[in-house]
Number of protein chains: 2
Amino acid sequence: MDKINKKEFKNTFIKCIEEKGLRYTKQREVIVDAFFSAGRHITSEELFNIVKRIYPEIGYATVQRNLNLLCKCSLAEEIKIGKQKTRYEQKYGNTHHDHLVCLQCGRLIEVNDDKIEKLQAKLAKKNNFTPIKHKLEIYGICADCKSK
Amino acid sequence: MDKINKKEFKNTFIKCIEEKGLRYTKQREVIVDAFFSAGRHITSEELFNIVKRIYPEIGYATVQRNLNLLCKCSLAEEIKIGKQKTRYEQKYGNTHHDHLVCLQCGRLIEVNDDKIEKLQAKLAKKNNFTPIKHKLEIYGICADCKSK
DNA sequence: ATTGATAATGATTTTTATTATCATTTAGTA
DNA sequence: TACTAAATGATAATAAAAATCATTATCAAT
């Protein structure tokens, strides 16, 4: 199952690259592989360190550029929490979710609530505002940190 | 009414400063005055430009530092939207609200929905997460921009 | 009013994440 | 195989915010 998803993920990337008239390079393959296999909320620096082990000649700029490209292909999304470095989240299949952000350990927990989504739409409508996307973050202390 | 609020706002600042064993200076007075009287979502740069007219010797750093101090006193709150400069929002009386963010003109519209707040608390609880604060931003196109 | 301790200020530098630049290399095509 | 344009990697530029530090100002004690 992991393998299939990875293949789909990569194929989506390749398709997006072709649509834009861009080129699929060795570096891009290594980056998309590593990004898919890495944790869900990675920084460009972390990804750079992983990729470097597989492809030592790679430059930081290339990793950063390709994370931006993955975002443009809707395969990644920037998460900016406070003053932290931007993290890049995998976003295959477009399943929207919100985040619980642990203020102690920094962990991001993905959550979803249809009722909240609906109420948000309603709230926007009430203000004659056309919503395009939204961001909900709840900051607090996660279960793990509480039990410590 | 405006005057009274301003007075209250300033007194709260002075009280907070005293509690921390800090000093109420001329610069601080000018800054808190200007911050209160300015629009609700100001950047440090904008505030600096306003303050400079009243107190030309003032330095940027002083304005920045005192915006941070206002935040520590819970009289201001940082709003970070995308790659924009941090904006500082007045926060007197602690009335929490969320934002509709217009992607076209950049306007911030303050909104509030009790039902959403309650569902958020519920969502946190379900994850055994203790919420401390939260941030909800809905991005889209505002009424004004749509009618243009 | 004066003094002394210390906080605040203002000018400047540093930091840090991200983007831009540019010479060189590489990919894809004719 | 050669050509055109994109991609790369090294480095510089940007920009916002924080840190530094010498000087000034505040305030309590005298």
Side-chain angles (χ1 to χ4, degrees), chain A residues 13-32 34-35 41-49 51-73 76-89 106, chain B residues 13-35 41-73 76-89 106:
Chain A
F13 189 45
I14 293 167
K15 208 174 119 193
C16 174
I17 282 174
E18 282 169 357
E19 275 168 8
K20 291 179 193 293
L22 304 176
R23 292 163 187 175
Y24 190 56
T25 61
K26 178 65 187 158
Q27 286 93 332
R28 284 187 170 156
E29 189 181 359
V30 174
I31 288 166
V32 70
F35 178 64
H41 312 111
I42 202 167
T43 64
S44 56
E45 196 182 14
E46 286 163 357
L47 187 58
F48 173 59
N49 288 326
V51 168
K52 222 171 24 179
R53 290 205 289 269
I54 301 151
Y55 197 111
E57 315 89 316
I58 208 155
Y60 194 115
T62 301
V63 174
Q64 182 78 260
R65 268 189 295 242
N66 282 297
L67 277 169
N68 291 345
L69 182 58
L70 280 158
C71 288
K72 279 190 194 124
C73 294
E77 196 169 58
E78 294 187 345
I79 320 177
K80 292 168 189 267
I81 304 286
K83 285 163 197 174
Q84 291 175 42
K85 282 194 79 164
T86 299
R87 293 186 169 273
Y88 297 84
E89 169 170 85
Chain B
F13 189 44
I14 293 168
K15 207 174 120 194
C16 174
I17 282 174
E18 282 169 358
E19 275 169 9
K20 290 181 193 293
L22 304 177
R23 291 162 187 176
Y24 190 57
T25 60
K26 179 66 188 157
Q27 286 92 332
R28 286 189 168 152
E29 188 179 0
V30 175
I31 288 166
V32 70
D33 269 356
F35 179 65
H41 311 113
I42 202 167
T43 63
S44 54
E45 196 182 14
E46 286 163 357
L47 187 58
F48 174 59
N49 287 326
I50 292 169
V51 169
K52 221 170 28 179
R53 290 204 291 270
I54 302 150
Y55 196 112
E57 315 89 316
I58 207 155
Y60 196 115
T62 301
V63 174
Q64 183 77 261
R65 269 190 293 243
N66 281 297
L67 278 169
N68 292 343
L69 182 58
L70 281 159
C71 289
K72 281 192 193 120
C73 295
E77 196 169 57
E78 294 187 345
I79 320 176
K80 292 168 188 268
I81 303 286
K83 285 164 199 174
Q84 292 176 43
K85 283 194 80 166
T86 299
R87 292 186 169 273
Y88 297 83
E89 171 169 84

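Since this is a predicted model, take the numbers as computed values, not measurements. In what follows, chains are A, B, ... by sequence order, proteins preceding strands, each numbered from 1.
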**Request:** Look at all strands and tell whether B:Tyr55 reaches a base, only sugar-phosphate, or nothing, counting heavy atoms closer than 4.0 Å.
**Result:** sugar-phosphate

**Prompt:** Expressed in angstrom and rounded to an integer, what is the separation of B:Leu69 atom CG from C:dA7 atom P?
**Reply:** 14 Å

**Request:** Enter the inter-axis angle for the ends of the helix from C:dA1-D:dT30 to C:dA30-D:dT1 (five pairs per end, rounded to 10°).
**Result:** 20°

**Message:** At under 4.0 Å between heavy atoms, how does the protein contact nucleotides 20-25 of chain C? Give one character per nucleotide, 5' to 3', with B, S or -.
**Reply:** BB----

**Request:** Could you go through the side-chain contact (heavy atoms from CB on, under 4.5 Å) check for A:Phe35 and A:Leu70 one step at a time?
**Result:** CA-CA 10 Å; A:Phe35 178 64; A:Leu70 280 158; 3.8 Å; yes

**Complete:** Tested for side-chain contact (heavy atoms from CB on, under 4.5 Å) against B:Val51, the lone hit among B:Asn49, B:Leu47, B:Ile54 is B:Leu47

Please list, pair by pair, any protein nitrogen or oxygen found under 3.5 Å from a nitrogen or oxygen in nucleotides 16-18 of chain C.
{"unit_1": "C:dT18", "atom_1": "OP1", "unit_2": "A:Thr86", "atom_2": "N", "d": "2.9"}
{"unit_1": "C:dT18", "atom_1": "OP1", "unit_2": "A:Thr86", "atom_2": "OG1", "d": "2.3"}

**Asked** For B:Thr43, which residues count as a side-chain contact (heavy atoms from CB on, under 4.5 Å) partner, sequence neighbours excluded?
**Response** B:Glu45, B:Glu46, B:Lys85, B:Arg87

**Request:** Flag the pair B:Phe13 / B:Asp33 as yes when at least one side-chain heavy-atom distance between them is below 4.5 Å, and no otherwise.
**Result:** no

**Message:** Going by side-chain contact (heavy atoms from CB on, under 4.5 Å), name the residues that satisfy it together with B:Ala61, two or more places apart in sequence or in a different chain.
**Reply:** B:Arg65

**Request:** Can you see which heavy atom on B:Gln64 is nearest to which on B:Ser44, and at what distance?
**Result:** NE2-OG, 3.5 Å

**Message:** Please determine whether side-chain contact (heavy atoms from CB on, under 4.5 Å) holds for the pair A:Ile31 and A:Leu69, giving the CA-CA distance in whole Å, both sets of side-chain angles, and the decisive distance to 0.1 Å.
**Reply:** CA-CA 11 Å; A:Ile31 288 166; A:Leu69 182 58; over 6 Å; no

**Complete:** Atom CZ of B:Phe13 and atom P of C:dA8 are separated, to the nearest Å, by 10 Å

**Asked** Step by step, would you call B:Ile50 with B:Ile42 a side-chain contact (heavy atoms from CB on, under 4.5 Å)?
**Response** CA-CA 11 Å; B:Ile50 292 169; B:Ile42 202 167; 3.8 Å; yes

**Message:** Less than 4.0 angstrom between a side-chain N/O of A:Asn66 and OP1 or OP2 of D:dA7, yes or no?
**Reply:** no

**Request:** Let me know the distance between CD1 of B:Ile31 and C1' of C:dA8, rounded to the nearest Å.
**Result:** 11 Å

**Asked** Roughly how many Å is it from CZ in A:Phe48 to P in D:dT8, rounded to a whole number?
**Response** 14 Å

**Prompt:** Taking only residues two or more places apart in sequence or in another chain, which ones pass side chain to side chain donor-acceptor pair (under 3.5 Å) with B:Gln27?
**Reply:** B:Tyr55

**Message:** Please report the distance, rounded to the nearest Å, between CG in B:Leu47 and C1' in D:dA17.
**Reply:** 15 Å

**Prompt:** In chain order, what residues pass the ring pair (Phe, Tyr, Trp, His ring centres under 6.0 Å) check against B:Tyr60, with sequence neighbours excluded?
**Reply:** B:Phe48

Which pairs, protein N/O on one side and nucleotides 26-30 of chain D N/O on the other, fall under 3.5 Å?
{"unit_1": "D:dT26", "atom_1": "O2", "unit_2": "B:Arg23", "atom_2": "NH1", "d": "3.0"}
{"unit_1": "D:dT26", "atom_1": "O2", "unit_2": "B:Arg23", "atom_2": "NH2", "d": "3.3"}

List the atom pairs, with distances to 0.1 Å, where a side-chain N or O of residues 16-26 of chain A and a protein N or O form a donor-acceptor pair under 3.5 Å, not counting sequence neighbours.
{"unit_1": "A:Thr25", "atom_1": "OG1", "unit_2": "A:Arg28", "atom_2": "N", "d": "3.1"}

**From B:Asn66 atom CG to B:Cys71 atom SG, the distance as rounded to the nearest 0.5 Å** = 11.0 Å

**Fill in**
Walking DNA chain C from its 5' end, the first of B:Gly21 and B:Gly59 to be reached, judged by nearest nucleotide, is B:Gly21

**Request:** Kindly write out the residues that satisfy salt bridge (Lys or Arg N to Asp or Glu O under 4.0 Å) with A:Lys83, not counting sequence neighbours, or none if the list is empty.
**Result:** B:Glu78

**Prompt:** Could you state the CZ-P distance from B:Arg28 to C:dG10, rounded to the nearest angstrom?
**Reply:** 11 Å

**Complete:** From CD1 of A:Ile14 across to P of C:dA27 the rounded distance in Å is 15 Å

